[in-house]
Amino acid sequence: MRVVRTIADLRAVLRPLREEGKRIGFVPTMGFLHEGHGALIRQSAARCDATVVSIFVNPTQFGPSEDLANYPRDLERDQNLCLDAGATVLFLPEVAEIYPTGFQTHIEPGRLAEPLCGRFRPGHFRGVATVVAKLFNIVQPDLAFFGQKDFQQTVVVRRMARDLNLPVDVVVVPTIREADGLALSSRNTYLDEEARRRALSISEGLLAAKAAFEGGERNAAKLLELARAPLSGVDSVQYLELVDAQNLEPFQGEVDRAVALCVAAYVGSTRLIDNVVLAPSPLDAVLNVSLSPQSV
Ligand code: AMP
C-alpha cells in the first residue's frame, strides 16, 4: 500500500494505473477507521483493480461549535485497517493541500441538503459536497463507496455527481453494526459504558420499526412510534423522521415506496445519527438502483 500526502504524488501513482485501464475505487473518510469503513474498502477492493482511501478531516463540514479540533485520530491503526481491507493507496492530505490560500469556490447543494441533518448543521452539506467534488476531481475514481449510515450524505453526493456530470458511480454500502445493533461510528469512542448503553436505544427503535415493516406494518405513524418508544434512553432527540428515500420529503400514510427512518440524537454531548431504509423492494435495489444518478 502506497501512502501519499500530496495531490501531485497521488496523480503520479494513479496515472499509470489509469493508462493500463485499471478500474479505480475510492473511499473517502475522516479517519479513526472501524469495520464500517473496512466494509467500504473491502467492497471497493472486490470490485476495482485499485482502491484509494483518503483520510481528511474536512474543516468546511464542521460547524463552529462542533468537534473538529477533537475529532479522534489514530493513523497507525488506520493504516493497518486499510492494508488489511485491501486498499492500494492511502491519501493523507494536509488542510492546505486541499484548501490552499485564497480558496473561495464552493459547491452549493440544493433542497436535498435542507431537511434532517441539514436543518441542524447549516453549511455541513455544502462542505461535504465541496470536498467530495474536489476529491472526485483529484482521484477521478470509476466507483466511489459511501456508507448508508450517512444516508442524507449518500443522496446529496449522488445528486451532486449527477448535476456536475462527474463520471463516477456512487455505491452505497449498508450500515455495519455491533452485535447488539449500535451502528459503528468514529464518534462512539466518545461514549463511556453507561452512555453507550443508552445510545443503544437509537438502533433498538430503528430495528424494531424495521422488523415490524418486514412483518407487514406499513403505517408511517406506527413505524415512527416504534422507533420513538425506546428513545427515552438518550438525552435529547434532534430529529426522528420518516422521509421518502429519494427526495427526503416527509412521508405520511401507508408506505408504498422506499422510505428512510432517520434519527439524530444526543447522548451526553455526543451527537449520533442512524437510519434504516424500509423498502417494499429489495434494499440493494433501493440503495443502488432506484437512487442511481439516472433516477434521483
Ligand atoms: P466518516 O469517516 O465518518 O466520514 O465516514 C466515511 C465513510 O464511511 C462514509 O461514507 C460513511 O457513511 C461510512 N461509514 C461510517 N460508519 C459506517 C458504518 N457503520 N457502516 C457503513 N459505513 C459507514
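Both counts, for ligands and for their atoms, begin at 1 and track the order of listing.
The atoms of ligand 1 that sit less than 4.0 Å from any heavy atom of P174 are 21 (C). Within the listing of ligand 1, atoms 19 (N), 20 (N), 21 (C) sit less than 4.0 angstrom from a heavy atom of T175. Atoms of ligand 1 lying under 4.0 Å from at least one heavy atom of L184, given by number and element, are 16 (N), 17 (C), 18 (C), 19 (N).
In summary, D142 and K22 do not engage in a salt bridge, as defined by a charged side-chain N under 4.0 Å from a carboxylate O. A salt bridge between R196 and D180 is present, with a side-chain N of the basic residue lying under 4.0 Å from a carboxylate O of the acidic one. Taking a cutoff of 4.0 Å between a charged side-chain nitrogen and a carboxylate oxygen, R228 and E225 qualify as a salt bridge. Ion pair D244/R257 flagged as a salt bridge, since at least one NZ, NE, NH1 or NH2 atom sits closer than 4.0 Å to an Asp/Glu carboxylate oxygen. Salt bridge status for D256 with R218: absent, with no side-chain N to carboxylate O gap under 4.0 Å. The existence of a salt bridge linking E20 and R15 is excluded, since no basic side-chain nitrogen approaches an acidic carboxylate oxygen closer than 4.0 Å.
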Would I7 and F91 satisfy side-chain contact (heavy atoms from CB on, under 4.5 Å), going step by step from the backbone distance to the final call? CA-CA 8 Å; I7 296 167; F91 180 43; 4.1 Å; yes
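Below 3.5 Å of separation, one finds no N or O of F145 facing any N or O of ligand 1.
Of all the heavy atoms of P28, the ones lying under 4.0 Å from any atom of ligand 1 belong exclusively to the backbone. Contacts between M30 and ligand 1 below 4.0 angstrom, taking non-hydrogen atoms only, involve backbone and side chain alike. Residue contacts with ligand 1, taken as heavy atom pairs separated by less than 4.0 Å, involve L40 solely via side-chain atoms from C-beta onward. Contact annotation for S185 and ligand 1: no heavy atom of the residue comes within less than 4.0 Å of the ligand.
The closest protein non-hydrogen atom to atom 20 (N) of ligand 1 is I176 N, 2.8 Å. The shortest contact between atom 8 (O) of ligand 1 and any protein heavy atom is with H37 CD2, 3.4 Å. The shortest contact between atom 10 (O) of ligand 1 and any protein heavy atom is with G147 N, 2.9 Å. Residue, atom and distance of the protein heavy atom nearest to atom 12 (O) of ligand 1 are D150 OD2, 2.6 Å.
Heavy-atom separations between H34 and ligand 1 include at least one value shorter than 4.0 Å.
Which of Y71, F32, F146 comes nearest to atom 3 (O) of ligand 1 through a heavy atom is settled by distance: it is Y71.
Taking the six-membered ring where tryptophan is involved, the planes of F26 and F136 are perpendicular, since the angle between them exceeds 60° and thus also 30°.
F103 does not carry K134 over the face of its six-membered ring by the limits of under 6.0 Å from the centre and within 45° of the normal.
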